[in-house]
Amino acid sequence: MTSASPASDLRVDFQCNLCGGECLGVSRADLLREGASCPRCGSCVRFRTLVHGLSLALLGESLVLDEFPRRRDLHGIGMSDDPSYAKPLRKKLGYRNTFYHRRPRFDVTQPVGRDRFDFVISSDVFEHVAPPVEQAFRNLFQVLKPGGICVFSVPYRLEGETAEHYPELCDYSVTHEGDDWVLRNRTADGREQEFRDLIFHGGPGETLELRRFTLPDLRRRFEAAGFTSVDVVPNEPRFGLIDLDPRSQTLIVRRP
Ligand SMILES: [Zn+2]
């Protein structure tokens, strides 16, 4: 009698929807949100889910990037998108990547310009933008055309209220002291604050987590900003998108 293999031992075959490569015999345990699981281009589940969600919402079907129709009339921006999908998107759509620290710049907390887009990709950005984060949700709504969509991801909890780690963040710096990273903040009314036990994404000293959202709170914030639909991007075994972590699934939000 043989015992059933644990799910982590199972191997799956799929096609990478970024590079188009056939990924054969990939361990299910390696299908991680951030870990490379396409042996050819190194794409992770998060990147493949973003493209899967974008394709479904924008084109009505989930296509490999290379199969995207050439649609320069579809205008969109990314917010520090990874080059693995940003470059192919640029060849197919009226898309450009933007950055917080360099040109072409886009800061979702600042008043929006005149450009309006059919789509915006915002992946793991909103947990890092300066408070009050409500402004970022309103601006996201503003930069979309009516009917426009945002492909949105952040890590979140499934219940409760969003934890705003530094609600009074105003004039602040993050410095490395000994083995510790320290956040010093001067509040709007001039009080000095100091925080340790900081949470960084992308490694120590990288991007500071300012809040941890919850799914119910995200839905409320999108609604408050004017969005009418918030849909979770579904699994797609064809692209190695199975058993997606319910605490960080990609969302499609649509401006009515
Ligand atoms: Zn790939």
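Judged as a side-chain contact (heavy atoms from CB on, under 4.5 Å), and not counting sequence neighbours, R114 has no contacts. Residues forming a salt bridge (charged side-chain N to carboxylate O under 4.0 Å, His left out) with R220 (at least two apart in sequence, or on another chain): E161, D217. Here D179 pairs with nothing under the side-chain contact (heavy atoms from CB on, under 4.5 Å) rule; sequence neighbours left out. R116 meets the side-chain hydrogen bond (donor to acceptor under 3.5 Å, both in side chains) test with no other residue; sequence neighbours excluded. Residues satisfying the side-chain contact (heavy atoms from CB on, under 4.5 Å) test with P132, not counting sequence neighbours, are E134. Partners of V232 according to the side-chain contact (heavy atoms from CB on, under 4.5 Å) rule, which considers only residues two or more places apart in sequence or in another chain, are R219, Q249, L251.
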Run the ring pair (Phe, Tyr, Trp, His ring centres under 6.0 Å) check on F227 and F141 step by step: do they pass? CA-CA 7 Å; F227 292 97; F141 183 86; 5.2 Å; yes
If you apply the rule side chain to side chain contact (heavy atoms under 4.5 Å, CB included), what do you find for T187 with Q193, and how did you get there? CA-CA 7 Å; T187 64; Q193 297 177 320; 3.5 Å; yes
Please evaluate residues I242 and R28 with respect to the criterion side chain to side chain contact (heavy atoms under 4.5 Å, CB included), reporting the C-alpha separation (whole Å), side-chain torsions for both, the decisive distance (0.1 Å), and the verdict. CA-CA 8 Å; I242 49 180; R28 255 177 117 119; 3.8 Å; yes
Go through the steps to decide whether F137 and F222 satisfy the test ring pair (Phe, Tyr, Trp, His ring centres under 6.0 Å), and finish with yes or no. CA-CA 7 Å; F137 283 94; F222 280 123; 5.1 Å; yes
Go through the steps for Y166 and F195 under the test ring pair (Phe, Tyr, Trp, His ring centres under 6.0 Å), then give the verdict. CA-CA 9 Å; Y166 319 106; F195 300 93; 4.8 Å; yes
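Residues E177 and T175 are in side-chain contact: their nearest non-hydrogen atoms beyond the backbone lie under 4.5 Å apart. Inter-residue side-chain proximity for V230 and L218 is flagged as unmet; no heavy-atom pair is nearer than 4.5 Å. Between D243 and L31, every side-chain heavy-atom pair lies at or beyond the 4.5 Å cut-off. Residues V133 and R221 are in side-chain contact: their nearest non-hydrogen atoms beyond the backbone lie under 4.5 Å apart. Under the 4.5 Å side-chain criterion, counting only non-hydrogen atoms from C-beta, L144 is in contact with C150. In this structure, the side chains of M79 and I121 stay at 4.5 Å or more apart for every pair of heavy atoms. Residues V174 and V182 are not in side-chain contact: their nearest non-hydrogen atoms beyond the backbone lie 4.5 Å or more apart. Counting heavy atoms from C-beta on, the side chains of L32 and S37 never come closer than 4.5 Å.
For the pair R105 and Y100, the cation sits on the ring face: its NZ or CZ lies under 6.0 Å from the ring centre, inside 45° of the axis. Geometrically, R90 does not engage Y95 in a cation-pi contact, judged by NZ or CZ lying under 6.0 Å from the ring centre and within 45° of the ring axis.
Checked for salt-bridge contact, E127 and R211 miss the test: no charged N lies under 4.0 Å from a carboxylate O. Using a cut-off of 4.0 Å between Lys/Arg side-chain N and Asp/Glu carboxylate O, R33 and D245 are scored as not salt-bridged. Electrostatic pairing of R191 and D189 counts as a salt bridge here, judged by a charged N lying under 4.0 Å from a carboxylate O. Contact check on E159 versus R247 returns no salt bridge, with no Lys/Arg side-chain nitrogen under 4.0 Å from an Asp/Glu carboxylate oxygen. Here D115 pairs with R96 in a salt bridge; the nearest charged N to carboxylate O distance falls below 4.0 Å.
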Under 3.5 Å, sequence neighbours excluded: what are the donor-acceptor pairs made by side chains of residues 14-26?
from	atom 1	to	atom 2	distance (Å)
Q15	NE2	G20	O	3.1
N17	ND2	R48	O	3.0

I'd like a table of donor-acceptor pairs (distance under 3.5 Å, sequence neighbours excluded) in which one partner is a side-chain atom from residues 203-210, with atom names and distances.
from	atom 1	to	atom 2	distance (Å)
E209	OE1	H201	NE2	2.8
E209	OE1	R212	NE	3.4
E209	OE1	R212	NH2	2.8
E209	OE2	H165	NE2	2.7

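Side chain of N139 to main chain of Q110: a donor-acceptor pair is present (N/O by atom type, distance under 3.5 Å, no hydrogens or angles). Between the side chain of S55 and the main chain of E61, a donor-acceptor pair closer than 3.5 Å is present. When atom types are taken as modelled, the side chain of N97 and the backbone of D81 share a donor-acceptor pair closer than 3.5 angstrom.
For R196, the CZ atom counts as densely surrounded, since its 6.0 Å shell holds more than 12 non-hydrogen atoms of other residues, nucleotides or ligands. Within 6.0 Å of CZ in R102 there are 12 or fewer heavy atoms belonging to other residues, nucleotides or ligands. Within 6.0 Å of the CG atom in D73, the count of heavy atoms belonging to other residues, nucleotides or ligands exceeds 12.
Distance CZ/R255 to OG/S229: 13.0 Å, rounded to 0.5 Å. Considering CZ of F117 and CG of L74, their distance stands at 13.0 Å, rounded to 0.5 Å.
Judged as a ring pair (Phe, Tyr, Trp, His ring centres under 6.0 Å), the pairs with a partner in residues 19-68 (not counting sequence neighbours) are, in order, F47-Y85. Sequence neighbours left out, the pairs with a member in residues 225-242 that pass salt bridge (charged side-chain N to carboxylate O under 4.0 Å, His left out) are E236-R238. Counting only residues at least two apart or in different chains, side chain to side chain donor-acceptor pair (under 3.5 Å) contacts with residues 141-157 comprise D118-K145, S123-S153, D124-S153.
If you chain together ILVMFWY residues whose side-chain heavy atoms come under 4.5 Å of each other, I199 ends up in a group of its own.
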